[in-house]
Amino acid sequence: MSASLVFRSIRGGLFVVALLAPCVASAWGPQGHRLIAQLAWDQLTPNAKAQIQTLLQDEPEPTLPGIANWADNLRATDKDLGRRSGPWHYVNIGGDRCTFNQMRDCPKGNCIVDSIPAQARLLADTRQTTAARNQALKFLVHFIGDIHQPLHAGHAVDKGGNTVQINFDGKGSNLHRLWDSGLLSTRKLDDSRYLQTLRAKTVRPAKTAASVSLKSRSASWANQSCAIVVTPGFYPATAKLGNDYVTQWLPVAEQQLRLGGDRLATVLNQLFDVPTRR
């Protein structure tokens, strides 16, 4: 996708603001994150499940889906950590590059590509307190979901689609919000029924050896998400969207949910079943 299409969506001061303040919005919305977490839970080993249940035993809802949205809700409950962790939810590698570069895209390690392995290291370190490992698990579950929402690896110039105004189903919105939840809501399914739909899909990620670093995998996932953003048609030609956009892009969104769940399961199984992996 050419940069000119992105620029056409931005007006006046929004352009300047977007350059200075990239998007920190949530990805997938509550349902999407719960679905990814449940898909992952279904694939965990008994050992991984047992250790996770121990870490979550004091949570109000002690399940992976129950803690999947904690990192987004953090801004309302802990403004300091919520603010500091904001950049951990995304990375901007849009334009037509879609290739993560550490020095250019995350020079201080303050982006999702680095936050995923950082939280995994804390979670795997049994010398940490239970509270620290609990928090790391909650961040990790959420961030692996986030990195599979394409606009969390998109353009800084439009704040991950937040300044791209659209009209969908007769209501004003923006492209980021559409990908958070608008596309998924067209199914009109509760979590249980949506899980049946996702489980029926044949999308499976390639097996990843434990020797491949989580940092490398995170960068690859970001590159793949960005590649969706720059696919022709992802940015609609007009602000008013019809069912044709849903028909084209809902399967892609659901593929990303499946990949997020499968990859989260792989990471958690490797963390809890291979004690020497750090």
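- For the pair Trp249 and Gly233, the tightest heavy-atom approach, listed with the atom from each and the gap, is NE1-O, 3.3 Å.
- The side-chain heavy atoms of Cys106 and Val113, taken from C-beta on, include no pair separated by under 4.5 Å.
- A donor-acceptor pair under 3.5 Å is absent between the side-chain atoms of Gln31 and the main chain of Ser185, judged by distance alone.
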Assess the residue pair Phe168 and Arg177 against the criterion (side chain to side chain contact (heavy atoms under 4.5 Å, CB included)); give the C-alpha distance rounded to whole Å, side-chain angles, the decisive distance to 0.1 Å, and a yes or no. CA-CA 11 Å; Phe168 179 68; Arg177 188 176 301 150; over 6 Å; no

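- Expressed to the nearest 0.5 Å, how far NZ of Lys201 lies from CG of Leu259 amounts to 11.5 Å.
- Using a 4.5 Å cut-off on side-chain heavy atoms (C-beta onward), Leu195 and Leu35 make contact.
- Proximity of a side-chain donor or acceptor of Thr45 to a complementary backbone N or O of Asn269 within less than 3.5 Å is not detected.
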Test log, rule side chain to side chain contact (heavy atoms under 4.5 Å, CB included), inputs Leu140 and Ile116: CA-CA 6 Å; Leu140 183 63; Ile116 287 174; 3.8 Å; yes

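- To the nearest 0.5 angstrom, Arg83 atom CZ is 10.0 Å from Asp78 atom CG.
- Between Arg263 and Arg217 there is no side-chain heavy-atom pair separated by less than 4.5 Å.
- Within the 4.5 Å cutoff, the side chain of Trp70 has no heavy atoms near those of the Val141 side chain.
- Annotation: the span from Leu151 atom CG to Asp146 atom CG amounts to 11.5 Å, rounded to 0.5 Å.
- Minimum heavy-atom separation, Cys226 to Gly94: SG-CA, 3.8 Å.
- Taken to the nearest 0.5 Å, the CD atom of Gln43 stands 9.0 Å off from the CG atom of Leu264.
- Panel note: side chain Asp158, backbone Val164; no donor-acceptor pair is recorded below 3.5 Å.
- Taking 4.5 Å as the limit, every side-chain heavy atom of Lys49 sits out of range of all side-chain heavy atoms of Phe272.
- Within the 4.5 Å cutoff, the side chain of Trp28 has no heavy atoms near those of the Asp72 side chain.
- The aromatic ring centroids of His155 and Tyr235 lie less than 6.0 Å from each other.
- When each of Gln196, Arg34, Gln38 is paired with Asp191, the side chain to side chain donor-acceptor pair (under 3.5 Å) condition holds for Arg34 and for no other.
- By the side-chain hydrogen bond (donor to acceptor under 3.5 Å, both in side chains) test, Arg133 is found to be paired with no residue, residues two or more places apart in sequence or in another chain being considered.
- Classification of the Phe143-His89 ring pair by plane angle, with boundaries at 30° and 60°, yields perpendicular.
- Looking at Asn73, its side chain does come within 3.5 Å of a backbone N or O of Asn69 through a donor-acceptor pair.
- Shortest non-hydrogen contact noted between Leu214 and Pro117 is CD2-CA, 3.9 Å.
- Note: His33 and His142 meet the aromatic proximity criterion, with ring centroids under 6.0 Å apart.
- Under the 4.5 Å side-chain heavy-atom criterion for ILVMFWY residues, a single connected hydrophobic cluster contains both Leu56 and Leu123.
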Determine whether Asp125 and Arg121 satisfy the following criterion, salt bridge (Lys or Arg N to Asp or Glu O under 4.0 Å), listing intermediate values before the conclusion. CA-CA 6 Å; Asp125 185 356; Arg121 284 192 295 271; over 6 Å; no

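- Inter-residue side-chain proximity for Phe100 and Lys215 is flagged as met; some heavy-atom pair is nearer than 4.5 Å.
- Evaluated for a side-chain contact (heavy atoms from CB on, under 4.5 Å) with Pro150, the options Thr231, Ile228, Val230 yield exactly one hit, Ile228.
- Remark: Ile52 CD1 to Leu64 CG distance equals 5.0 Å, nearest 0.5 Å.
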I would like to know whether Tyr90 and Gln149 meet side-chain hydrogen bond (donor to acceptor under 3.5 Å, both in side chains); could you show each step before the answer? CA-CA 9 Å; Tyr90 66 94; Gln149 207 274 44; over 6 Å; no

Before you tell me yes or no, could you show the steps for Asp169 and Lys171 under salt bridge (Lys or Arg N to Asp or Glu O under 4.0 Å), namely the whole-Å CA-CA distance, both residues' side-chain angles and the distance that decides it to 0.1 Å? CA-CA 6 Å; Asp169 198 23; Lys171 300 176 183 178; 5.4 Å; no

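- By the 4.5 Å heavy-atom criterion applied to side chains, Leu74 and Phe139 are counted as neighbours.
- Residues Asp105 and Pro107 come closest through the heavy atom pair C-CD, 3.7 Å.
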Thr266 vs Gln270, test: side-chain hydrogen bond (donor to acceptor under 3.5 Å, both in side chains). Steps then yes/no. CA-CA 6 Å; Thr266 296; Gln270 289 175 343; 6.0 Å; no

Residues Leu178, Tyr245; criterion side chain to side chain contact (heavy atoms under 4.5 Å, CB included); working and verdict: CA-CA 11 Å; Leu178 178 69; Tyr245 191 90; 3.6 Å; yes

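- Closest non-hydrogen pair, Ser173 versus Gln165, comes out as O-OE1, 3.3 Å.
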List the steps and the verdict of side-chain hydrogen bond (donor to acceptor under 3.5 Å, both in side chains) for Gln248 and Asp244. CA-CA 6 Å; Gln248 180 178 0; Asp244 56 334; over 6 Å; no

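- Leu271 and Leu122 sit in two unconnected hydrophobic clusters of ILVMFWY residues. Membership requires side-chain heavy atoms under 4.5 Å apart, directly or through other members.
- For the atom pair CD1 (Ile144) and OG (Ser218), the distance works out to 7.0 Å, reported to the nearest 0.5 Å.
- Atom CG of Asp80 sits in a crowded spot, with more than 12 heavy atoms from other residues, nucleotides or ligands closer than 6.0 Å.
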Check step by step if side chain to side chain contact (heavy atoms under 4.5 Å, CB included) holds for Asn110 and Trp88. CA-CA 6 Å; Asn110 209 24; Trp88 303 349; 2.7 Å; yes

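- With hydrogens and angles disregarded, no donor-acceptor distance shorter than 3.5 Å links the side chain of Ser225 to the backbone of Ala222.
- When every heavy atom of Leu268 is checked against every heavy atom of Leu44, the shortest pair comes out as CB-CD2, 3.8 Å.
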